[in-house]
Protein chains: 2
Amino acid sequence: MSEIEIFLIAKKVRPTAMRILVFRSLANKRAAMTLSELEALFEKSDRTTLYRTIKTFEEYGIVHPIHDGNGIPKYALCEEGCDCAAHNDLHLHFHCNQCEETVCLTDHKIPQINLPRGYTTEDVNLIVNGKCVKCSSD
Amino acid sequence: MSEIEIFLIAKKVRPTAMRILVFRSLANKRAAMTLSELEALFEKSDRTTLYRTIKTFEEYGIVHPIHDGNGIPKYALCEEGCDCAAHNDLHLHFHCNQCEETVCLTDHKIPQINLPRGYTTEDVNLIVNGKCVKCSSD
DNA sequence: CGATTAATGCACTTCCATTGCATTGATGTC
DNA sequence: GACATCAATGCAATGGAAGTGCATTAATCG
Ligand SMILES: [Mn+2]
Ligand SMILES: [Mn+2]
Ligand SMILES: [Zn+2]
Ligand SMILES: [Zn+2]
C-alpha cells in the first residue's frame, strides 16, 4: 500500500484511484491549483468527480481553499494538524501578479490582529500580492 | 449641484443619475455590497449599467472591491486619497460569519508583512472572519 | 440646431459551481 | 462466489454571475 493510500485512510477517506491521483498532483506541485488546472492534468477526467474529490478533501482536512482575489478558488494541501473539525492554515498566502501562481508560505504565520471592541475572530486570511522569486529576476 | 455631483466631477467621472444613485447607496450603507445587492435596491435597473458603473468607479478610485472569500466580490467606497493611479486601501476588512456583512475597518491598517528573500510586495489583503458587534450579542 | 461622444439597455456568450440521477465499483455477509 | 448494501463516479442539466457587442438614448460642444 502506498504512502498516499495510508495517509488517506488515516484521514478516513477511501483511497480511490482518482483521489490518489489528485493528491499526488497537489503534492508534486508547489503552487496551489484551481479545479480547471487539475482537470487539465488528466486526459480523461470528469469535472464533477474532481469537484467532489476536492470537497471531500476539504471536509476531511486534506486540502484548504485559497481565495487569492482572482475569482476562482485554488487548492493546496493542508499543513499537518488539519482535520475535519478545524482547518489549521493560519499562514500567509502569496499570489504573484506576473506568473499568477499562488503559494502557501507555511513558515510565515499570520500576525495577531487587533479588532474593535465587540468583534470576535474566527479565522484570518492574509494574501500578499506581488512578484515571486522566479519572476523577480525579470 | 449636490455634494455627490461635485465629488464625482472632481474624480473626473460624469455624474449621471445612476452613478449618483449608486454612490449614495454605498455611502448610506456601512457594509460593502455585491452587484446583486445593489441591483436589488433599485426598481428598474439594468445589471450591465450597474456593472459598468462599478468598473468606472473602481478605475477612478471611488470604490474598491473586497474579496472576502465568499466568491462574489463586494464593493465599498474608497478612503480619501485613492485615485486612478493607485488605490489606497491598506486597511483591514472584516467579514461576519453570521450576518454575512463585510465592512471596512479603515482605522485598522495592515501590519508590515515579512516575506522570504526574493519576493516583493505590491498589495496586501487582510480579511478577518468572525462575529461583528451586532451579532456578538447573540 | 446639428454633430460628436458618452452612457445606457438589451441580447447573448462564457465560465464555473452545484445538483439529480442512473451507473459502476467496492465491501462485507452468507 | 453470489448477493445486498453503500460509496464513488459519470453524464446531463441548472443556475448565478461576469463579460461583450451593438443599437439606442442622453449629454455636450461648436
Ligand atoms: Mn495555504
Ligand atoms: Mn475597504
Ligand atoms: Zn511569479
Ligand atoms: Zn454580523
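Being a predicted model, the structure only gives us computed values, none of them experimental. Chain naming here is simple, since letters A, B, ... match the order of the sequence lines and numbering starts at 1 in each.
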Query raised in the report: Could you go step by step and tell me if A:Leu126 and B:Asn125 meet the side-chain contact (heavy atoms from CB on, under 4.5 Å) rule?
Result: CA-CA 6 Å; A:Leu126 180 55; B:Asn125 229 309; over 6 Å; no

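- Ion pair A:Glu79/A:Lys109 flagged as a salt bridge, since at least one NZ, NE, NH1 or NH2 atom sits closer than 4.0 Å to an Asp/Glu carboxylate oxygen.
- Contacts between residues 13-22 of chain B and DNA chain C, counted as heavy-atom distances below 4.0 Å, involve B:Arg14, B:Thr16, B:Met18, B:Arg19.
- In this structure, A:His91 has its ring center closer than 6.0 angstrom to the ring center of A:His93.
- An OP1 or OP2 oxygen of C:dT18 is reached within less than 4.0 angstrom by a side-chain nitrogen or oxygen of A:Lys55.
- Side chains of A:Ile127 and B:Val124 form no contact here, defined as non-hydrogen atoms less than 4.5 Å apart.
- We find that OH of A:Tyr75 is positioned 12 Å from P of C:dC16, with the value rounded to whole Å.
- Contact of the A:Arg52 side chain with the A:Leu50 side chain is not registered, since no non-hydrogen atoms from C-beta on lie closer than 4.5 Å.
- For A:Leu8 and C:dA26, the CG to C1' distance is 16 Å, given to the nearest whole Å.
- A straight line from CG of B:Asn70 to C1' of D:dG16 spans 15 Å, rounded to a whole angstrom.
- In this structure, A:Ile72 atom CD1 and C:dT14 atom P are separated by 16 Å, rounded to whole Å.
- Rounded to whole Å, atom C1' of D:dA8 lies 13 Å from atom CZ of A:Phe57.
- Under a hydrophobic-cluster definition in which Ile, Leu, Val, Met, Phe, Trp and Tyr are linked whenever side-chain heavy atoms come within less than 4.5 Å, directly or via other members, A:Phe42 and A:Met33 are assigned to the same cluster.
- Of the residues in residues 27-54 of chain B, B:Leu35, B:Ser36, B:Arg47, B:Thr48, B:Tyr51, B:Arg52 come within less than 4.0 Å of DNA chain D through at least one heavy atom, sorted by number.
- Taking the six-membered ring where the residue is Trp, the centroids of B:Tyr75 and B:Phe57 are separated by 6.0 Å or more.
- Among residues two or more places apart in sequence or in another chain, the side chain to side chain donor-acceptor pair (under 3.5 Å) test is passed with B:Glu101 by B:Lys134.
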